[in-house]
Each structure stands twice: as C-alpha cells, then as structure tokens.
Q: 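This is the structure I want to talk about, given as structure tokens.
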Amino acid sequence: METDSEPYVRLASLRQLHQAMADMNKARSLADTLQAVADGVVQALGYELACVNLVGPDGDLVVAAFAGNPAAEALITGRSGSRASWDRRLNMGEQWGDLIFIPHTEGWVLDDDDVPQWYTDGPAPRFEDEWHPSDRLFAPMYAPGPQGGSSGELIGVLSVDRPRNGRRPGAWGREALQMYAFQAAIAISNARLRSNMQRALVRLERDQQALRASEESFRQAFEYAPSGMAIAEMGGDQHGRILRTNDALCRLLGRRASAMRRYAFSDLVHPEDIGTLLRTSAEGGRAELRLGRRDGTYVWVSLRNSVVADAADGPRFLLTHVEDIEERKRRELQLAHRASHDSLTGLPNSAELRSRLAARLCQRPQSPHAGVADAMDAAYGHSAVFDSGGHTFDFGAAVEPYGAFDHHVHAVAPEDGRDDGTKGLAVLFCDLDGFKSINDRFGHNAGDAVLIEVARRLSGGVRDGDTVARLGGDEFVILANGLGRADAQDLAVRLRNEIIQPIRAEGRAVRVGASFGIGWAHCGMTADEVLKSADERMYVEKRSRPKQHRRAG
C-alpha cells in the first residue's frame, strides 16, 4: 500500500484492506480471528511481519498469532511478555496518533527485557525516512466502548516490522494501520464474546442434559420404587393435596392414580390417626398410621416426609415415602395380644384383667381437694395406660393433679342387703366345681377342652363390652358394668346354668359345676381388693352349697 503516492491511493489497495477486515470478522473462532488479524497486516497493509500480542487473564501479553515468517512464528508464538515491559514500550517513543513508534536510536534499551522479539538484519538507513531493522512500530488495540469508541481497556497490541517499500509509513499508512487496529479490536472482542457464548451454551446444554438425566433418574426411581411414593402440595389452602403417586402406592391402596389426585392425605387417613398426621412435620417427619383402601379397609403404613423445590425459588412440594408395615403391625398386635391374653382360651389374662379393672377405678378420696396426685401415683404410677373396651385412659405425669378425673364416671356399689336401684360395676368370680377330677380321670387334654368350652359359654352369656377373663387354673372373672344386685345375681345363675350343661371332651360327655361370688368395684379400692372381695364371696357361696349339688347345681 505504501507504494502508492500519497495522497493518491489505488482502489485495489482499498479493496485489499476491506477484504482483510471482512476476513477477520468472518472468522469462526477466536484463534482464526487472531490469525486473520495478523495475516491482514501482511496482505493488505504492506508489512513483511505482523504479530498479535493478546492480553491474558493475568495481565501479561502473549504472542497469539504471527504472520510473514514461519521460522519466527514457530519461535515466539505462545510466549508471553510481562505487562510492565509492554507498558514501558507504550509509554516511550513517538506518538503517531494511537500508534507508538520507537526508533532504533532509542529501542536498544528494550533488547534485554522479557518481551518475545524477532531480530532481522539489514543495512543502516541511507536516508531520513528509511526503515531500520531495529525500529519498532506498535498499534495498541482497545476494547470497544458502548458508544462505538474505545473503552480504554487494552486487549492487545499489534506489532509490525519491515515495510515492503523500506520506508517508514506516511500519513496514509499510519491512518490505515490505526484504523485496522481499531477494527481488529472489535473483531477480537466479538470473537471472544462468541467464544464465551459458545462455552456458555455448551455448559448450558451440559447442565440441561444433566438436569434431564437427573429428572429421568428421579422419575424412574419414583415410578418404579418398590414402596409407595407421593408428591403433595405444601402450604396454602391445598396443603397436603396429592399431585402424583407411583404405581406401588396405587396398588397398596387399590386406587387409580387419577383418583388419588382427588384426595389429600388427610382424606385417606383413619379418623383416629388424624392427630398423628397433623403432628408429623414436613421436613424429615415420620409417622405410623393407617391409610384407607378403596374397599373400605385400612392398612398400616410408615410415612417419611421430605421437602423438594421445583426450582431455585420455585414452589416447594412434599415428597412422602409410604412403606407398608401391615405385617409388622400385625405381629406387634399378636405379641401384645399374647402378652395380655390366655393362650389356651383366648380370654384376657390376669394382668389384662387387673389393667381393665384398674382403669375403671380411681383412688381419689371423697374430698375433691385432697390427695388426688398421691392416690393416682399409688394406684397407677405416672405413666400407666389402660385399655378398657376399646377406650384408652392415659394417667401421665403431665396430668394436672386436681380435676384429673373430671371425665371419669366414679364406680359405686349398691348397698348391702337390698336392691336400691344403684347400678355398679359387678365383679363375678367363677370357680369350677369338679374340674380336678376330670383332669385326674381323663387327662389334661380333656381338662383343656373343658376350659375352652367354659370360656366360650361365659363369653356368649355376657353383653358386648363386658369382660370375661381367665384368672388362672379353673378360675374365671366377669366384669359387667351397669348392673344392680338383682341383675348380677340373675347373670350368675344364667352363666352357672350354661356351664353345667354336658361338655364333649376326648369323645365323652363330662359335666362341671360352678360357684360364683359377686363383688362390687368402687373408687377408692384397688383392683386386687376388688378381686379379693369377689373371691371371698365365691368361697362363701361354695361352702354354703351341699357338696353333692355343686357340680350339677
């Protein structure tokens, strides 16, 4: 280009410059853009050598591209010079607009610094504007600003050497190099932006793929989990409403997934377990309760809650893991039943009888303001829990001492000697007559058969809600609430008449008799005192009857 006589510039030179700028803006990557910038200096601006020094993340400048000499390119490409050395270059020499020219008379002080350099040999200048091999010309490149100008941030430096016409560039050559550096800065900034966007897109796609994989893993883990899982709304008016269930939960409850979405967990929980559900916290909450099946039955399950978010700031949902524990609960109930019931007859045993009886009694004295807490401690201890006819009474340490039995209906006994209409808790103590002889004559299997049949007849002869218990051996106790004295005596006669009927045992018919003693439970007594009273009355009744009539009645 410098072969043109200024101010006249050939159209072909302008086309070459335009093509060089187009090439560096069309490059597909940052590396291609940098090389296009270096090649354009050589091809369009008329310099034999061109080097693109790019500012790196650490502030130093690295030789990112080289054009014009393959040997020099191989030697210095990738090497870096410190920012301090480059600032020294850009702050000395002559200012040609935005260009920096350092003549050979001053540049010798830079020969030993850490900036990568390529030395060329040549004769000394023969005239004033002739290019010397040690002359240096730099074109700083600044990042473009928001209004199209430069922002003042250095992104790199173009260094050029050995103009092909052998002369220092004139006004047009300087203007062309300065304009080219400005456009190169824009091209490099755009290439960097595209590169960053491409990396961001790659990262985004990778993250999206990971998210899709994670979602698919969650979906498969949710759908194909061997135990039940559900996602429900958390908070608001629809808290607990089921949004999604897996196949295992649908099979467990016998309900379709579409039907499950019509319910909240509170709609499915057994009424007696609603309080347990409400006390179960969302995050990490655990509970054991009963969920309703479609057929109206209930299944024991273990619930475990956790909270998941749809996005970083999105809505939160409740993830509930539902495990079938019906078999374990059945075993627990069986163990509890075995502990509280007689293994032969299936009736409540002595311990269960005392618990049920004690649950109906309180030790509160007649004065409502004295000794309630002490009486409770003496009767039950601080955490006694009794089950009576399906109702639970819990006399825990947290109960207030006064008024603890405000809900309690006090047991009273009818007066001795007359039926005054008072209804009380009758305790019928039953002892079999002639049972020992059956054991001795026919063996224990026959005796067991008699006990089983007596238990069946006693259970069939009382009302629902009454208790028939086997105290031990051939002794039975019946708890019957709401009876007067005449009612209790009639019940004893009916039960005795049932017992004395022949019993098939070991292929033969045998008969046993029964003696009944009727005691009355009232508050202020202990369970043992009540049973002892009924036992004593039974022995009185047994002794009052002739021996020969005890069995047949």
Q: Could you tell me whether the side chain of Ser355 and the main chain of Ala351 form a donor-acceptor pair under 3.5 Å?
A: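 Here the side-chain-to-backbone pair exists.
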Q: Consider side chain to side chain contact (heavy atoms under 4.5 Å, CB included). Of Asp342, Leu347, Leu432, which one does Leu451 pass it with?
A: Leu432
Q: Between the side chains of Glu223 and Arg244, is the shortest nitrogen-to-carboxylate-oxygen separation below 4.0 Å, so that they form an ion pair?
A: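 Result for this pair is yes, salt bridge flagged.
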Q: Tell me whether Arg304 is salt-bridged to Glu288, with the criterion being a basic N under 4.0 Å from an acidic carboxylate O.
A: no
Q: Checking side chain to side chain contact (heavy atoms under 4.5 Å, CB included) between Ile242 and each of Leu268, Ile231, Leu249, which is the one that passes?
A: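 One option only clears the test, and that one is Leu268.
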Q: Give a yes or no on whether Arg330 atom CZ has more than 12 heavy-atom contacts from other residues, nucleotides or ligands under 6.0 Å away.
A: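 Counting other residues, nucleotides and ligands, CZ of Arg330 exceeds 12 neighbours.
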Q: Counting C-beta onward and ignoring hydrogens, is there a side-chain heavy-atom pair between His239 and Met234 closer than 4.5 Å?
A: yes
Q: Under a 4.0 Å N-O cut-off, is there an ion pair linking Asp247 with Arg251?
A: yes
Q: Can any side-chain N or O of Ser459 pair as donor or acceptor with the backbone N or O of Arg456 at less than 3.5 Å?
A: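 Between the backbone of Arg456 and the side chain of Ser459 there is no qualifying donor-acceptor contact (under 3.5 Å).
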Q: Please report the interatomic distance CD(Gln198) to CG(Leu201), rounded to the nearest 0.5 Å.
A: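 That separation rounds to 7.5 Å.
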Q: Go through the steps for Arg508 and Val510 under the test side chain to side chain contact (heavy atoms under 4.5 Å, CB included), then give the verdict.
A: CA-CA 6 Å; Arg508 59 177 57 85; Val510 297; 4.2 Å; yes
Q: Donor-acceptor pair, Asn349 side chain versus Ala339 backbone, under 3.5 Å?
A: yes
Q: Salt bridge between Arg504 and Glu453, side-chain N to carboxylate O under 4.0 Å?
A: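 No, this pair does not count.
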Q: Side-chain contact, heavy-atom cut-off 4.5 Å: Leu291 with His270?
A: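 No, side chains not in contact.
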Q: Under a 4.0 Å N-O cut-off, is there an ion pair linking Glu506 with Arg441?
A: no
Q: Do side-chain atoms of Asp273 reach the backbone of Thr276 as a donor and acceptor pair under 3.5 angstrom?
A: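 No, because the side chain of Asp273 does not come within donor-acceptor range (under 3.5 Å) of the backbone of Thr276.
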Q: Taking only Lys NZ, Arg NE, NH1 and NH2, and the carboxylate oxygens of Asp or Glu, determine whether Glu352 and Arg356 approach each other closer than 4.0 Å.
A: yes
Q: Is there side-chain contact between Leu289 and Val301, with heavy atoms separated by less than 4.5 Å?
A: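 Contact flag for Leu289/Val301 side chains = yes.
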Q: Could you check whether Arg199 and Asn196, counting side-chain N and O atoms only, form a donor-acceptor pair closer than 3.5 Å?
A: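 There is such a pair between these side chains.
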Q: For the residue pair Arg354 and Thr526, establish whether any side-chain heavy-atom pair is separated by less than 4.5 Å.
A: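 Side-chain contact under 4.5 Å: no.
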Q: Any carboxylate oxygen within less than 4.0 angstrom of a Lys/Arg side-chain nitrogen, looking at Glu216 and Arg219?
A: yes
Q: Check the pair Trp520, Val427 against side chain to side chain contact (heavy atoms under 4.5 Å, CB included), reporting the backbone distance first and the verdict last.
A: CA-CA 6 Å; Trp520 296 94; Val427 181; over 6 Å; no
Q: Under the criterion side-chain hydrogen bond (donor to acceptor under 3.5 Å, both in side chains), I'd like the reasoning laid out for Asp440 against Ser437: C-alpha separation, chi angles, the key distance, then a yes or no.
A: CA-CA 5 Å; Asp440 294 341; Ser437 64; over 6 Å; no
Q: Determine yes or no for a side-chain-to-main-chain donor-acceptor pair under 3.5 angstrom, with Arg470 supplying the side chain and Val477 the backbone.
A: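 A pair under 3.5 Å: no.
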Q: A side-chain contact here means heavy atoms from C-beta on lying under 4.5 Å apart; do Ser350 and Leu471 qualify?
A: yes
Q: Any side-chain to backbone donor/acceptor pair from Ser195 onto Arg192? Under 3.5 Å, distance only.
A: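 The answer is no, because no donor-acceptor pair under 3.5 Å joins these two groups.
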Q: So, Asp433 and Ser515: side-chain donor and acceptor under 3.5 Å apart, yes or no?
A: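 Side chains of Asp433 and Ser515: pair found under 3.5 Å.
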Q: What pair of heavy atoms forms the shortest contact from Tyr298 to Pro271, and how long is it?
A: OH-CD, 3.8 Å
Q: Say whether, by atom type as modelled, one donor and one acceptor occur between the side chain of Thr33 and the main chain of Ser29 under 3.5 angstrom.
A: yes
Q: Can a donor-acceptor pair be found, under 3.5 Å and without considering hydrogens, that links the side chain of Asn246 to the backbone of Phe222?
A: yes
Q: Working to the nearest 0.5 Å, report the span between CD1 of Ile186 and CG of Asn25.
A: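 Those atoms lie 8.0 Å apart.
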Q: Start with the C-alpha gap between Glu498 and Arg494, add the side-chain angles, then the distance that decides, and say whether salt bridge (charged side-chain N to carboxylate O under 4.0 Å, His left out) holds.
A: CA-CA 6 Å; Glu498 285 290 330; Arg494 289 200 310 272; over 6 Å; no
Q: Could Asp267 and Arg262 be called an ion pair, given the rule that one side-chain N must be under 4.0 Å from one carboxylate O?
A: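 Arg262 and Asp267: not salt-bridged.
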Q: How about CZ on Arg212, more than 12 heavy atoms from neighbouring residues, nucleotides or ligands closer than 6.0 Å, or not?
A: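 Correct, the count exceeds 12.
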Q: Might you point out which heavy atoms bring Ala426 and Ala488 nearest each other, and give the distance in Å?
A: CB-CB, 4.1 Å
Q: Can Asp528 and Lys532 be counted as an ion pair, charged N to O under 4.0 angstrom?
A: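 Looking at Lys532 together with Asp528, the answer is no, because their closest N to O distance does not fall below 4.0 Å.
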Q: In sequence, state the C-alpha distance, the side-chain angles, and the governing distance for Lys542 and Asp431, and then conclude on side chain to side chain contact (heavy atoms under 4.5 Å, CB included).
A: CA-CA 9 Å; Lys542 183 186 289 285; Asp431 181 78; 2.9 Å; yes
Q: Using atom types as modelled and distance alone, determine if a side-chain donor or acceptor of Asp490 lies under 3.5 Å from a backbone N or O of Asp487.
A: no
Q: Would you give the length of the straight line joining atom CE of Met260 to atom CZ of Arg241, rounded to the nearest 0.5 angstrom?
A: 12.5 Å
Q: Would a 4.5 Å heavy-atom cut-off, applied to side chains only, mark Glu326 and Lys329 as touching?
A: no
Q: Do you know which two heavy atoms are closest between Gly285 and Thr280, and how far apart they sit?
A: C-CG2, 3.7 Å
Q: Of the non-hydrogen atoms in Arg293 and Arg255, which two are nearest, and what is the gap between them?
A: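 Reported closest heavy-atom pair: O-NH2, 3.1 Å.
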Q: With the side chain counted from C-beta on, respond yes when Ser227 and His321 share a heavy-atom pair under 4.5 Å apart, and no when they do not.
A: yes
Q: Could you tell me the separation between the CG atom of Asp466 and the CG atom of Leu479, rounded to the nearest 0.5 Å?
A: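 Between Asp466 CG and Leu479 CG, I get 8.0 Å after rounding to 0.5 Å.
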Q: Evaluate Arg328 against Glu323 for salt bridge (charged side-chain N to carboxylate O under 4.0 Å, His left out), listing each step before the verdict.
A: CA-CA 11 Å; Arg328 173 168 69 80; Glu323 182 181 359; over 6 Å; no
Q: Mind listing the closest non-hydrogen atom pair of Ala480 and Leu491 along with its distance?
A: CB-CD2, 4.1 Å
Q: Between Leu253 and Val299, does a side chain to side chain contact (heavy atoms under 4.5 Å, CB included) hold up when you go through it step by step?
A: CA-CA 8 Å; Leu253 300 182; Val299 58; 3.9 Å; yes
Q: List the atom of Val269, the atom of Ile274, and the distance in Å for their closest heavy-atom pair.
A: CG1-N, 3.9 Å
Q: Without swapping roles, check the side chain of His341 against the backbone of His337 for a donor-acceptor pair under 3.5 Å.
A: yes
Q: Counting C-beta onward and ignoring hydrogens, is there a side-chain heavy-atom pair between Asn305 and Leu319 closer than 4.5 Å?
A: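 No, their side chains stay 4.5 Å or more apart.
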